[in-house]
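Nothing here was measured: the structure is a model prediction, and the numbers come from that model. Values reported hereafter were calculated over all heavy atoms of this structure, with side chains retained and with hydrogens, waters and symmetry mates removed.
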Amino acid sequence: MKLPDKKGYFGQFGGKYVPETLSVCLNELTIAYQKYKKDSGFKKKLDFYLREYAGRPTALYFAERLSKHLGLKVYLKREDLLHTGAHKINNALGQALLAKFMGKPRVIAETGAGQHGVAVATVCSLLCLECDIYMGQADIQRQAMNVLRMKVLGARVIPVKSGSKTLKDACNEAFRDWVTNVRNTYYLLGSVVGPHPYPMMVRDFQAVIGREARAQILKKQAKLPDYLLACVGGGSNSLGLFYPFFNDRKVKFIGVEAAGFGLSGLHSATLVKGGVGVFQGSRSYVLQDKFGQIKNAHSIAPGLDYPGVGPEHSYYKASQRAQYLAVGDAQAYQGFKLLSQLEGIIPALESSHAVYYLNQLAKKHKGKTVIVCLSGRGDKDLDIIKHYEAERKI
């Protein structure tokens, strides 16, 4: 697929809806990315760090017990085995190297679940870059261990106390910082969201997931899978898996969003329940009220309670290249337990949404081959699980 176009649009979605001051930052970034993504020195360094430091390629593991339980052939793309425990380091390494090549000594980032923040803090330590991480106060409380990891790695964690005190508010503060300090600062955005060129750039850095998975499944079974399955918050792990299969029309894409607990009116599921609007610099599906005000989102998984989604996902929805569904907190908990107890793999709560949906897929498609992107490991979520079980006396 050759999208986005030169203005950053995936069909009607994407673009740059930003003030003039931010346009200057984005234009500089676009020119630098177009230059260095073709640079042999840049590519050689990135390949080296992905392989020798992050631990690529990750395994494509046939989950035998889970497959037998479901009546499917389930392969897990093990991004949880990467250094720092999630797919986030793929993008963090790519963008931090870009910052280094651009001569920016300071890196800022936003984080929700903390995995992106940990990845950024890690690569900044590796590459000798100053690092500030914006994180919502609510997420700081939910992800205390990841906050500690960031601080141990030398990053400064800046609490965001405005709005819902979650990921969207952390993004807003990071953009404000970038505009003020653009001369020496690089904003390392963590997902396929925001204004152009971020959705394209993050997708490109994460596409290593799908490229590997495609080669691995062909080697293992000499044919492509029937389904690709991944959780969707902002959407970088899922696009990383989907994108290299875009032209393989027989391979169906399923993105699983968070439906939250569904009782208090709080929810996520941007593609399932949202409408088209402009949010944080691009046109995409968003959760908004009738006046266009952004709604708060909720999920048991901190990385999925974001009221927007990447514009390329919106394009996949509109063009029917992908199907998007929602899974609630209780079902994600079941997915978490299922994989942990059948395969001895504790998944991140984000990925647990996709794992649970395998139950629904199995009801109609017995015997089909499915690749699930296991975007991260679940030790970061054990406190959340502990409190969830205590509240429900499980």
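- Judged by distance alone, with hydrogens and angles left aside, the side-chain atoms of S125 form no donor-acceptor pair with the main-chain N or O of A121 at under 3.5 Å.
- Within a 6.0 Å sphere centred on CZ of R51, other residues, nucleotides and ligands contribute more than 12 heavy atoms.
- Using a 4.5 Å heavy-atom cutoff, the side chains of Y49 and L97 are in contact.
- Defined by atom type and a distance below 3.5 Å, a donor-acceptor pair is present between the side-chain atoms of N146 and Q115.
- Judged by a 6.0 Å distance limit and a 45° cone about the ring axis, R283 is not positioned over the six-membered ring of Y285.
- For CD1 of I140, the number of neighbouring non-hydrogen atoms (other residues, nucleotides, ligands) closer than 6.0 Å is greater than 12.
- Contact between V179 and C25 at its shortest, heavy atoms only, is CA-SG, 4.4 Å.
- Of all the heavy atoms in E110 and G190, the pair that sits closest is OE2-N, 3.0 Å.
- For the residue pair R106 and T185, a side-chain donor N or O sits within less than 3.5 Å of a side-chain acceptor on the partner.
- Summarising the local packing, CZ of R183 is surrounded by 12 or fewer heavy atoms from other residues, nucleotides or ligands at distances under 6.0 Å.
- One distance of note links CZ of F336 with CG of L382; it measures 5.5 Å at 0.5 Å rounding.
- Side-chain polar atoms of N91 and S236 form no donor-acceptor pair below 3.5 angstrom.
- Salt-bridge annotation for D383 and K386: absent, with no side-chain N of the basic residue lying under 4.0 Å from a carboxylate O of the acidic one.
- Side chains of D177 and Y187: a donor-acceptor N/O pair is absent below 3.5 angstrom, by distance only.
- In terms of hydrophobic clustering, with Ile, Leu, Val, Met, Phe, Trp and Tyr side chains grouped at heavy-atom distances under 4.5 Å, F245 and L239 are assigned to a common cluster.
- The ring-ring contact (aromatic ring centres under 6.0 Å, His included) with F279 is formed by just one residue from the set Y17, Y306, F13; it is Y306.
- Panel note: side chain Q331, backbone H353; no donor-acceptor pair is recorded below 3.5 Å.
- In this structure, K37 places its NZ atom where more than 12 heavy-atom neighbours from other residues, nucleotides or ligands lie under 6.0 Å away.
- In the hydrophobic clustering of this structure, I209 groups with I217; members are Ile, Leu, Val, Met, Phe, Trp, Tyr whose side-chain heavy atoms approach within less than 4.5 Å, directly or through other members.
- Between E257 and Y324, the side chains place no donor N or O within less than 3.5 Å of an acceptor N or O (distance only, hydrogens not considered).
- Remark: E64 CD is loosely packed, at most 12 non-hydrogen atoms of other residues, nucleotides or ligands lying under 6.0 Å away.
- Looking at D248 and R214, a side-chain N of the basic residue comes within less than 4.0 Å of a carboxylate O on the acidic one, giving a salt bridge.
- I345 is listed as a side-chain neighbour of D80, based on a closest heavy-atom distance under 4.5 Å.
- Judged by a 6.0 Å distance limit and a 45° cone about the ring axis, R321 is not positioned over the six-membered ring of Y315.
- Taking both residues in full, the closest heavy atoms of V120 and A92 are given as N-CB, 4.1 Å, listed atom of the first, atom of the second, then distance.
- Rounded to the nearest 0.5 Å, atoms CG (N90) and CG (D204) are 12.5 Å apart.
- Judged by distance alone, with hydrogens and angles left aside, the side-chain atoms of Y227 form no donor-acceptor pair with the main-chain N or O of V251 at under 3.5 Å.
- Side chains of T369 and L72 form no contact here, defined as non-hydrogen atoms less than 4.5 Å apart.
- Remark: R392 is positioned above the aromatic ring of Y388, its terminal NZ or CZ atom under 6.0 angstrom from the ring centre and at most 45 degrees off the axis.
- The existence of a salt bridge linking D5 and K7 is excluded, since no basic side-chain nitrogen approaches an acidic carboxylate oxygen closer than 4.0 Å.
- The neighbour count for K366 NZ, taken as heavy atoms of other residues, nucleotides or ligands under 6.0 Å away, is above 12.
- E79 has a carboxylate O that lies under 4.0 Å from a charged side-chain N of R56, or vice versa, which qualifies the two as a salt bridge.
- Using modelled atom types, one finds a donor on one side chain and an acceptor on the other under 3.5 Å when comparing S375 with S351.
- Between A155 and I133, the closest heavy-atom pair is CB-CG1, 4.1 Å.
- Salt bridge present: K77 and E212 bring a charged side-chain N and a carboxylate O closer than 4.0 Å.
- Between the side chain of D381 and the backbone N or O of I384, no donor-acceptor pair lies under 3.5 Å.
- S284 contributes a side-chain N or O that, together with a main-chain N or O of V309, makes up a donor-acceptor pair within less than 3.5 Å.
- Counting only heavy atoms from C-beta outward, the side chains of L229 and C373 never approach each other to under 4.5 Å.
- K317 contributes a side-chain N or O that, together with a main-chain N or O of L271, makes up a donor-acceptor pair within less than 3.5 Å.
- Side chains of H196 and T30: a donor-acceptor N/O pair is absent below 3.5 angstrom, by distance only.
- Looking at every heavy atom in both residues, E350 comes nearest to C231 through O-CB, 3.2 Å.
- The closest donor-acceptor contact from the side chain of S191 to the backbone of V193 lies at 3.5 Å or more, if one exists at all.
- Put simply, the side chain of H313 gets close to the backbone of G235: a donor and an acceptor are under 3.5 Å apart.
- At distances below 3.5 Å, not a single donor-acceptor pair connects side-chain atoms of E312 with backbone N or O atoms of Y243.
- Relative orientation of the F101 and F42 rings is perpendicular, given thresholds of 30° and 60° on the angle between their planes.
- A donor-acceptor distance shorter than 3.5 angstrom exists from the side chain of Q280 to the backbone of K168, with no hydrogens or angles considered.
- Comment: K104 engages E28 in a salt bridge, judged by a side-chain N to carboxylate O separation of less than 4.0 angstrom.
- Contact between L82 and R377 at its shortest, heavy atoms only, is O-NH1, 4.3 Å.
- Remark: L126 CG to Y53 OH distance equals 4.5 Å, nearest 0.5 Å.
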